[in-house]
Amino acid sequence: MELPEECWESIFSFLEHHRYFEPLSLVCKRFLSITNHLRRSLTITDPTLESLPHLLLRFPNLTTVAFRDFHGNLDSVLSLISQSGLPLTSLDVSCHKCFPLLGLKCLASKIRILTELNCSNIGSLKDSDLIEIGNCFPSLEVVDISYPDHGCGFSPNGSLDSKSFSGLVTDYGILGLASSLRRLRKIDLSGNTFITDQALVSLSSNCMFLTEIGIRDCDFITQNGIALAIRKTGNLKSIFMNGIGIPSIDVCFLDSFSYARSLCELDLSNSFISDELLCLVAEANLPLNKLVLSRCFCFTFDGIYFLLSKYQFLAYLDLEGANFLNDESIIELAKFFGNLTFINLSLCSKLTNSTLFNLMGNCPLLTIINMERTNLGVEAFPAEIVVNPRVKSLHLGWNNNLNDECMKMASYVCPNLEVLDVTYCSGITEEGILEVLKSCVQIRCLEISRCQGVNNLELDFELPKLEVLQAEGLAINDEALASIGKRCGRLYRLNLEGCLNVTARGVEGVIVNCKALKEMNLRWCNNVSVDIVAWMVLSRPSLRKITLPCGSVPTANQRNFFLRHGCLVCQG
C-alpha cells in the first residue's frame, strides 16, 4: 500500500536542509514532485542565472530568495521573479554595489506580501530609497539596512562631499520608512553614521509593534535617545548597541531599564559599563534571556555576579574579553548557569582546562561553548569529569597550549559533538583529531586550519555525517586527501587553501567519491593545475564554487563553460 503524498511531505519536512532533498528527488518522479513543492528557499548566484527561469517554475512554493556572489543585473532578475507568482515573503539583496530600486518596484507591483527585506552592506543607499521601500512593501515586518557602503561619497581628503550628502541615510529617510511600515517588528540601523536620536523617535512613535532595534556604530545616537526609545517602545524585546559609556554613562540611560518591562535580549558590546549599570539592570527584574557584554570594560566580578544571581534563567551569555575572570570565579558563577545553552568566554586569558570541563559538568543544557584565545591546555582536569551529551559545538581556536590529551577528554565528555573548531591550535596533532573523530560520530563540521602539529590525516574509518572540513594550511598529502574522499561521503564544503602537498591526484580522489560536494577551495595549492578544473565540473555536477590556485586565470570561454554547468570558478 502506497503512503499518501501528505505523509511523505511530513516525513521529508524533518530534513534539516533542502540540500538533503537532492538524493530523494532522484528516486522517482513522485519524490521529485514532493521535494520541489517542499523547497522554500533559493540562493541565486552567477551560475544560477541561466537556469533561473526553470528553477522558478520547478519550485512553486519558494518564500525566501537570497543573492550571494551575484554580479549580474539585480533589477532584471527581480523583474523576472515578479512574473513568477511565487508566495515570496523574504528577500535578501545585501552586499551589492547598487540599490535595486527599479527591480524592487517591479517586484512590488506583483508581490505585496513581502515581510522581510535585507539591504545590509549595499551601496548608494539613500533616504529616497527608504521611502520607496515603505511605499512598495507596507507589510514589511523585518528590515535590515545596516552598514551601507558609501565609500564613493567622500572626497580624497576624507571629508564628506557636499554633492553626495543627499545620497546618505538620514533621519528624514527613517521617518519616511517608519511612517509607512506600521507593522514593523525588527530593524537594524547599525552603521548608519548620520542618523540621530530623531530616527529612534520616529520609529518609537510610528511603529507600535517594534520589538527589536539594532544601533551599533551610529555615532550621533546618544544615550538620551536610546533611553527615550526604551521608555516609549513598550513592546521592545531586543536592543543591540555599542560604545556606551564614552565618556560616561548618563543618568537617563541608567534609569531607562526600569521601563523596559519586555526586554529579553540586551547587547552592550564594546562599551564602558559599570557595576552600577549592571546592578540597575539586575534590579529592573526584566524577562532577560540573552545578555551580551562582549569586550566591555570597567565592570568587575561583583557586578556580573550580582546581575547573574538575579537572572538565573539566562540562556545566552557572552562575556568575551572579561579578563578579570579566572577558573575560581567561573566556578562561583556557574551555579547561576542552570539554563544556559550558549556561553562565550573567548579572550578571557586566565581560563584553563578547569573552566571548560567544569562548565560541561555543571551546565546540563549547555550546547555551544566558545573559548577562543584563552589558556586552554594549562592546568589539570577537574577531579570529577561528567559526560554532557547536550554539548554540540566547541569553538576553541587560537589556544596554543591546547593538546591531544585535552582533545581526547573533550571527545569523552561530549559524545554528541557536531562542530569542533580548533583553528590555529599548534599543540594538537593528528592523534588528537583522530581520537575526536572516532569517538564523536555526529561530527558535521571540523575546522583544523593552521594546526601546525597536524602533519597528516589519513582516515581508516567512516565519517558518515561530516559535511564541512576546513583544513587550510595543513601538510596533508594526496593519500590522506583520498582517504578523506572515501570516508566522508556527505562532504559538501572542503577548504584546502595553502595545502602545498596536494596535487591533482588527491583532488581527483575527492571529486570521484564525494557526490554531494558543492564548494572546494584550492587557493595556494600550486601543485594543482588549472587544467583539472573542467574535469572537476563535468565529473561532479553538484559543484557550485571552486577557488583556483593562485596564478590560475581561466579564459572568458572557460568561465562561460563553468557557468553553463552551474559552477562559479573564482580566481585564487
Side-chain angles (χ1 to χ4, degrees), residues 16-18 38-45 48 52 55-56 59-70 74-75 77-82 84-96 98-123 125 129-148 169 173-174 176-192 199 202-203 206-216 233 235-240 264-265 267 290:
E16 296 176 356
H17 193 276
H18 62 70
L38 285 175
R39 180 78 174 259
R40 295 291 183 267
S41 63
L42 177 67
T43 299
I44 298 175
T45 62
T48 314
L52 186 58
L55 294 175
L56 297 178
F59 306 124
N61 295 322
L62 290 176
T63 59
T64 300
V65 169
F67 290 83
R68 295 284 184 272
D69 291 321
F70 182 77
L74 269 179
D75 288 319
V77 175
L78 290 174
S79 177
L80 177 64
I81 293 173
S82 71
S84 65
L86 293 174
L88 200 64
T89 58
S90 177
L91 179 65
D92 184 344
V93 293
S94 60
C95 302
H96 285 85
C98 295
F99 181 74
L101 178 59
L102 295 178
L104 288 176
K105 282 186 173 182
C106 192
L107 191 69
S109 67
K110 302 289 185 179
I111 302 174
R112 300 279 290 180
I113 59 172
L114 204 68
T115 58
E116 297 186 17
L117 179 62
N118 186 347
C119 296
S120 63
N121 297 104
I122 205 161
L125 190 67
D129 296 328
L130 299 190
I131 294 169
E132 287 293 346
I133 288 174
N135 292 335
C136 290
F137 304 108
S139 298
L140 280 175
E141 298 177 10
V142 180
V143 174
D144 186 347
I145 54 170
S146 60
Y147 297 100
V169 172
I174 302 300
L177 186 68
S179 299
S180 299
L181 303 185
R182 299 292 181 173
R183 301 178 188 176
L184 189 67
R185 294 185 297 106
K186 300 179 180 181
I187 187 165
D188 191 352
L189 305 173
S190 299
N192 284 282
S202 299
L203 288 166
N206 290 282
C207 306
M208 297 296 104
F209 300 103
L210 195 62
T211 61
E212 180 176 303
I213 303 174
I215 45 174
R216 295 190 185 101
T233 312
N235 295 315
L236 192 64
K237 294 181 179 180
S238 174
I239 185 166
F240 43 98
C264 300
E265 301 179 359
D267 185 341
K290 178 177 180 178

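Sequence positions, counted from 1, serve as the residue numbers for this chain.
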Item to check | Contact check, side chains of K186 and T211, non-hydrogen atoms, under 4.5 Å | outcome: yes
Checklist entry - Heavy-atom distance under 4.5 Å between the side chains of S190 and F240, does that happen here? => result yes
Item to check | Atom pair OG1/CZ of T63 and R39 - distance to nearest 0.5 Å | outcome: 11.0 Å
Checklist outcome for this item: Heavy-atom nearest pair, V169 first then L125, reads CG2-O, 3.8 Å
Checklist entry - For the residue pair I44 and V65, what are the closest heavy atoms and their distance? => result CD1-CG1, 3.7 Å
Checklist entry - Do I113 and L88 come close enough that some side-chain heavy atom pair is under 4.5 Å? => result no
Checklist entry - Does S180 have any side-chain hydrogen bond (donor to acceptor under 3.5 Å, both in side chains) partners at least two apart in sequence or in another chain, and if so, which? => result none
Checklist entry - If you measure from CG on L56 to CD1 on I81, what distance do you get to the nearest 0.5 Å? => result 6.0 Å
List the atom pairs, with distances to 0.1 Å, where a side-chain N or O of residues 130-141 and a protein N or O form a donor-acceptor pair under 3.5 Å, not counting sequence neighbours.
unit_1: N135; atom_1: ND2; unit_2: I131; atom_2: O; d: 3.3
unit_1: E141; atom_1: OE1; unit_2: R185; atom_2: NE; d: 2.9
unit_1: E141; atom_1: OE1; unit_2: R185; atom_2: NH2; d: 3.4

Checklist outcome for this item: By side-chain hydrogen bond (donor to acceptor under 3.5 Å, both in side chains), S202 pairs with (sequence neighbours left out) none
Checklist entry - Are any side-chain N or O atoms of D75 and backbone N or O atoms of G103, one a donor and one an acceptor, separated by less than 3.5 Å? => result yes
Checklist entry - What residue among D144, V142, V93 forms side-chain contact (heavy atoms from CB on, under 4.5 Å) with N118? => result D144
Item to check | Value rounded to 0.5 Å, distance of CG in L184 from CG in L177 | outcome: 7.0 Å
Next on the checklist: A quick test of your reading: do over 12 heavy atoms of other residues, nucleotides or ligands sit less than 6.0 Å from CZ of R183?
Outcome noted: no
Checklist entry - Would a 4.5 Å heavy-atom cut-off, applied to side chains only, mark L104 and L74 as touching? => result no
Checklist entry - Do T115 side-chain atoms and T89 backbone N/O form a donor-acceptor pair below 3.5 Å? => result yes
Checklist entry - Is it true that R216 and D267 have a side-chain N and a carboxylate O under 4.0 angstrom from each other? => result yes
Next on the checklist: Closer than 3.5 angstrom, by distance alone: can the side chain of N206 be matched with the main-chain N or O of L203 as a donor-acceptor pair?
Outcome noted: no
Checklist entry - For R68, which residues count as a side-chain hydrogen bond (donor to acceptor under 3.5 Å, both in side chains) partner, sequence neighbours excluded? => result D92
Item to check | E265: salt bridge (charged side-chain N to carboxylate O under 4.0 Å, His left out) partners, not counting sequence neighbours | outcome: none
Next on the checklist: Closer than 3.5 angstrom, by distance alone: can the side chain of R40 be matched with the main-chain N or O of L38 as a donor-acceptor pair?
Outcome noted: yes
Checklist entry - Under 3.5 Å, side chain of R182 to main-chain N/O of S179, donor-acceptor pair present? => result yes
Item to check | Nearest-0.5 Å distance, CG of residue L86 to CG of residue L42 | outcome: 9.0 Å
Item to check | With sequence neighbours excluded, residues passing ring pair (Phe, Tyr, Trp, His ring centres under 6.0 Å) with F70 | outcome: F67
Item to check | Given L107, V77, L78, the one that forms side-chain contact (heavy atoms from CB on, under 4.5 Å) with P100 | outcome: L78
Checklist entry - Distance from I122 atom CD1 to F99 atom CZ, nearest 0.5 Å? => result 6.5 Å
Item to check | Atom pair CD1/OG of I145 and S120 - distance to nearest 0.5 Å | outcome: 10.5 Å
Item to check | Which atom of N192 lies closest to which atom of P148, heavy atoms considered | outcome: OD1-CG, 3.2 Å
Next on the checklist: Please determine whether side chain to side chain contact (heavy atoms under 4.5 Å, CB included) holds for the pair D188 and V143, giving the CA-CA distance in whole Å, both sets of side-chain angles, and the decisive distance to 0.1 Å.
Outcome noted: CA-CA 7 Å; D188 191 352; V143 174; over 6 Å; no
Checklist entry - So, for N235 and M208, which heavy atoms are closest and what is the spacing to 0.1 Å? => result ND2-O, 2.8 Å
